[in-house]
Protein chains: 2
Amino acid sequence: MTMDLVVIYKCMCDRTRLRILHLLSRGPLCVCEIQAILEEPQIKVSKHLAYLRRHGLVRTERDGNNIIYRIAADASDRLDRNLSCLQDCAQEDRIFREDLRRLARIEPLSCRVEPASR
Amino acid sequence: MTMDLVVIYKCMCDRTRLRILHLLSRGPLCVCEIQAILEEPQIKVSKHLAYLRRHGLVRTERDGNNIIYRIAADASDRLDRNLSCLQDCAQEDRIFREDLRRLARIEPLSCRVEPASR
DNA sequence: AAGGTATATACTTGTCAAGGAATATACAAC
DNA sequence: GTTGTATATTCCTTGACAAGTATATACCTT
């Protein structure tokens, strides 16, 4: 499928959404993880996620109490290209690097992972 | 220099600006050429060019009656990366391809070129 | 059923941007 | 100087979006 470039850039032109897209292009995350990484209020994260979903860049799946967001796999080549460009650009940026640092810490606690043992 | 990614995407999230950036990454153009290629009203083109200039993506140079716009050479790696991503994405798109067709036709008549002979 | 947690949806307010109409500026040619 | 051409700026209206407060929904647990 082919996605409108303008829509892609509209989604990318807000810092919060950009951070979310950057994270999600590393792999799916649930809302509470995204919140924890971004350190932004629930409503802010939720609304930007809704924006991304409404425009077809991400899709969701419920897992119990949690909702897991991921990049829409079938979205478009254009999105893929732009997300990989974002990965390149983000390397030099402090904010994105700190997000990745928090992502690494948070992953093991993920609500998506089975309880370790019992 | 390093340019804010959000600013870059804000500049790219309007179709008219995107077409302008796509054209300018092929080389400098004067306003009247851009207008002729985009087939959009003067004021619209002019205002989007002003937006791009205000945000540092392009710079201008006067040549007699004409004003020549070009991508700000020293802008940033990020801009370069995104513009080359745009070139890739634009290949599949009818609008951008038609712009290039008109660009090819218009170039010989360019106001930047010396009068052929006399 | 009741209470808790995770997430989303109104509703409001302020800001910014887009488009158009009219006008202004800068230069060129005479 | 006057006129013409190219380009920019001002003013206006309209619509989109960002952020916050409060409230609702969906699921889980007991």
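Every chain is numbered from 1, with letters handed out A, B, ... down the list of sequences.
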query: Atom CD of A:Glu40 to atom C1' of D:dA18: distance rounded to whole Å?
result: 12 Å
field: NZ/NE/NH1/NH2 to OD/OE distance under 4.0 Å, B:Glu92 and B:Arg97
entry: no
query: Between D:dT7 atom C1' and B:Ile20 atom CD1, what is the distance in whole Å?
result: 13 Å
- prompt: So which one's nearest nucleotide on DNA chain D is more toward 5', A:Arg17 or A:Ile43?
  reply: A:Arg17
message: Please report the distance, rounded to the nearest Å, between CZ in B:Arg15 and C1' in C:dG19.
response: 16 Å
- request: Round to the nearest Å and state the distance from A:Met12 atom CE to D:dA18 atom P.
  value: 15 Å
- prompt: In whole Å, what is the span from the CG atom of B:Leu29 to the C1' atom of D:dA6?
  reply: 15 Å
message: For A:Ile37, is there any backbone N or O sitting under 3.5 Å from a side-chain donor or acceptor partner on A:Arg102?
response: yes
- prompt: Would one find more than 12 heavy atoms of other residues, nucleotides or ligands at under 6.0 Å from atom CZ of A:Arg94?
  reply: no
field: Pair B:Arg15 + A:Asp4, salt bridge at N-O below 4.0 Å
entry: yes
message: Can you pull out the residues from residues 44-53 of chain B that lie within a 4.0 Å heavy-atom distance of DNA chain C?
response: B:Lys44, B:Lys47, B:His48, B:Tyr51
message: Tell me every residue that passes salt bridge (charged side-chain N to carboxylate O under 4.0 Å, His left out) with A:Asp93, counting only those two or more places apart in sequence or in another chain.
response: B:Arg78
- request: Quickly work out the A:Arg54 CZ to D:dA18 C1' distance and round it to whole Å.
  value: 12 Å
message: Once you measure the plane-to-plane angle for B:Tyr9 and A:Tyr9, does it fall in the parallel (<30°), tilted (30-60°) or perpendicular (>60°) bin?
response: parallel
query: Rounded to whole angstrom units, what separation is found between the CD atom of B:Glu61 and the P atom of D:dT7?
result: 13 Å
- prompt: Rounded to whole angstroms, how far apart are CG on A:Asp14 and C1' on D:dA16?
  reply: 13 Å
field: Among D:dA8, D:dT7, C:dA6, the one nearest A:Asn66 by side-chain distance
entry: C:dA6
What protein N or O atoms touch nucleotides 24-30 of chain D N or O atoms at under 3.5 angstrom, if any, and at what distances?
from: D:dC27; atom 1: O2; to: A:Asn65; atom 2: OD1; distance (Å): 3.1

query: With a distance cut-off below 6.0 Å to the six-membered ring centre and an angular limit of 45° from the axis, does B:Arg17 pair with B:Tyr51 as a cation-pi contact?
result: yes
Under 3.5 Å donor-acceptor pair, B:Gln42 side-chain atoms to D:dA8 base atoms: yes
- prompt: Salt bridge or not for B:Arg81 and A:Asp88, using N-O below 4.0 Å?
  reply: no
task: Rounded to the nearest 0.5 Å, what's the gap from CD1 on A:Ile106 to CD on A:Glu33? Could you check?
output: 7.0 Å
